[in-house]
Amino acid sequence: MPRSIAVIDVGDCRSEDAQRVASRFAARQLGGQPVPLRIARRLSEAARINQVVITGSRMPAGLLTAGLAGIEVLELPYSHVCERLAAAADACSADWVAYVPGNRPFVDPTLIDCLLTRAHQAAVELDYVGYCGSGDGWQQVRRLGLAGEVCHADALRRLRRNVDRLSCDPDELSLAGWLQSAPGTYHLKFVAVPEGLDCEDWRFAIEDENDWEYAQLFSDHMRDDRTEWQLLTELVRDNQDVRGAMAYRNSVR
């Protein structure tokens, strides 16, 4: 069985240039937990994940000394996410890496397991497996913020060697974008999101302060720290004000 790890990358936590990236929220708490640790606990429930890793540069002391069982924290002084993902794969001897940016507190481990199942059981060799929506493809899923992306460790090493040639903005936080802008050929497979998530209104990623306010609202109404996507969408499905605000923010990104 291939070895798979989940990597939560929080970016450069002392960068003054970070406006929307994960590092902006790495030290904040949601539901009484630092956002990256909340994500880590959820990902540790994924059946196909062998190890959960938090990576970043110049991370808050609270993350570096978290000491959570089964969760490794790697302080990696690299400028691009792809470099940190490849380093984590090397450190953990991983075949596949499930990448989750550190601003996705509502990630659902069952969605990650589905991607890894597709990757492990593919009839042909793949470099990447991710979700897409019927409206705006993988960009729609990036804003959705409930699932990560799965990439083979060898593909990450190739990206690392060509990181200075990637034309995609590093703040995009999307392997799909980086792979499609990289030199060479990569084999990408996109899987349709579950029907209940295929809606351009949904937005559970945190990219700015408005998103943060809604994340606090959602967290306050969740049971414990459960983030099954069905519970989240149930919270907002009939709330036209929230859905309208989500749709507007998606339209201007």
Side-chain angles (χ1 to χ4, degrees), residues 3-15 18 20-109 111-113 115-116 142 145-151 153 156-157 159-160 163 170-175 178 204-207 212 215 219 225-227:
R3 178 171 172 79
S4 301
I5 65 172
V7 179
I8 305 154
D9 188 81
V10 301
D12 184 344
C13 295
R14 296 184 188 175
S15 172
R20 296 187 295 131
V21 292
S23 58
R24 186 174 179 182
F25 304 97
R28 298 192 189 184
Q29 294 203 353
L30 196 62
Q33 304 175 76
V35 170
L37 299 187
R38 177 191 177 102
I39 301 171
R41 284 193 173 95
R42 290 296 288 150
L43 291 175
S44 66
E45 299 174 13
R48 291 189 175 272
I49 294 294
N50 301 109
Q51 174 79 54
V52 178
V53 182
I54 298 174
T55 63
S57 177
R58 300 187 291 180
M59 289 186 283
L63 284 181
L64 293 172
T65 59
L68 294 176
I71 298 173
E72 185 169 355
V73 181
L74 298 178
E75 170 73 20
L76 300 170
Y78 303 118
S79 60
H80 199 286
V81 179
C82 292
E83 295 176 283
R84 292 191 291 271
L85 295 180
D90 291 342
C92 299
S93 301
D95 300 297
W96 288 92
V97 173
Y99 164 53
V100 178
N103 59 346
R104 305 289 197 268
F106 302 112
V107 65
D108 189 322
L111 295 175
I112 299 289
D113 274 336
L115 292 180
L116 285 170
R142 181 177 66 83
L146 298 181
E149 302 169 279
V150 170
C151 191
L156 290 171
R157 295 181 185 109
L159 282 177
R160 177 171 56 188
V163 70
D171 286 356
E172 282 263 319
L173 303 182
S174 173
L175 279 168
W178 297 323
F204 299 103
I206 304 176
E207 296 187 346
W212 177 253
S219 178
D225 62 351
R226 294 176 61 200
T227 56

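Atom set for the values below is all heavy atoms of this structure, side chains included, hydrogens, waters and symmetry mates excluded.
Of the possible donor and acceptor atoms, one in the side chain of R3 sits under 3.5 Å from a partner among the backbone N and O of C92. Distance alone, capped at 3.5 Å, places no donor-acceptor pair between the D108 side chain and the L146 backbone.
In this structure, F25 and E207 have side chains that are not in contact, with every pair of non-hydrogen atoms separated by 4.5 Å or more. Within the 4.5 Å cutoff, the side chain of I112 has heavy atoms near those of the V100 side chain. By the 4.5 Å heavy-atom criterion applied to side chains, S219 and R38 are counted as neighbours. In this structure the side chain of S57 reaches within 4.5 angstrom of the side chain of E75, judged on heavy atoms. Looking at F106 and L30, their side chains come closer than 4.5 Å, going by heavy atoms from C-beta outward. Side chains of V35 and N103 form no contact here, defined as non-hydrogen atoms less than 4.5 Å apart.
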*Test R157 against D90 for side-chain contact (heavy atoms from CB on, under 4.5 Å), laying out the working first.*
CA-CA 9 Å; R157 295 181 185 109; D90 291 342; 2.8 Å; yes
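When all heavy atoms of V53 and A88 are compared, the pair lying nearest together is CG1-CB, 4.5 Å. Annotation for E72 and Q51: closest pair N-NE2, 3.6 Å, computed over non-hydrogen atoms. When all heavy atoms of A47 and D113 are compared, the pair lying nearest together is N-OD2, 2.8 Å. Shown here for V10 and G102, the closest heavy-atom pair between the two residues is CG1-CA, 4.4 Å. Closest approach of A87 to R160, counting heavy atoms only: N-NH1, 3.7 Å.
Residue I54 is tested with I39, L43, I71 for a side chain to side chain contact (heavy atoms under 4.5 Å, CB included); the sole match is I71.
Under the 30°/60° scheme for interplanar angles, the aromatic rings of W178 and Y99 are found to be tilted.
Atom-to-atom distance recorded for R104:CZ and I8:CD1 is 12.5 Å, nearest 0.5 angstrom. How far CD of E149 is from CZ of R142: 9.5 Å, rounded to the nearest 0.5 Å. Rounding to the nearest 0.5 Å gives a distance of 9.5 Å between CD1 of I5 and OG of S93. Put simply, CG on L74 and CZ on R84 are 11.5 Å apart, with the number rounded to the nearest 0.5 Å. For the atom pair CG of L156 and SG of C82, the computed distance is 6.5 Å after rounding to the nearest 0.5 Å. To the nearest 0.5 angstrom, D95 atom CG is 7.0 Å from S4 atom OG.
Contacts of A147 classified as side-chain contact (heavy atoms from CB on, under 4.5 Å), with partners at least two apart in sequence or in another chain: L111, Y131. Remark: R48 engages no residue in a salt bridge (Lys or Arg N to Asp or Glu O under 4.0 Å) (not counting sequence neighbours).
For T55 and D9, the side-chain atoms include at least one donor-acceptor pair closer than 3.5 Å.
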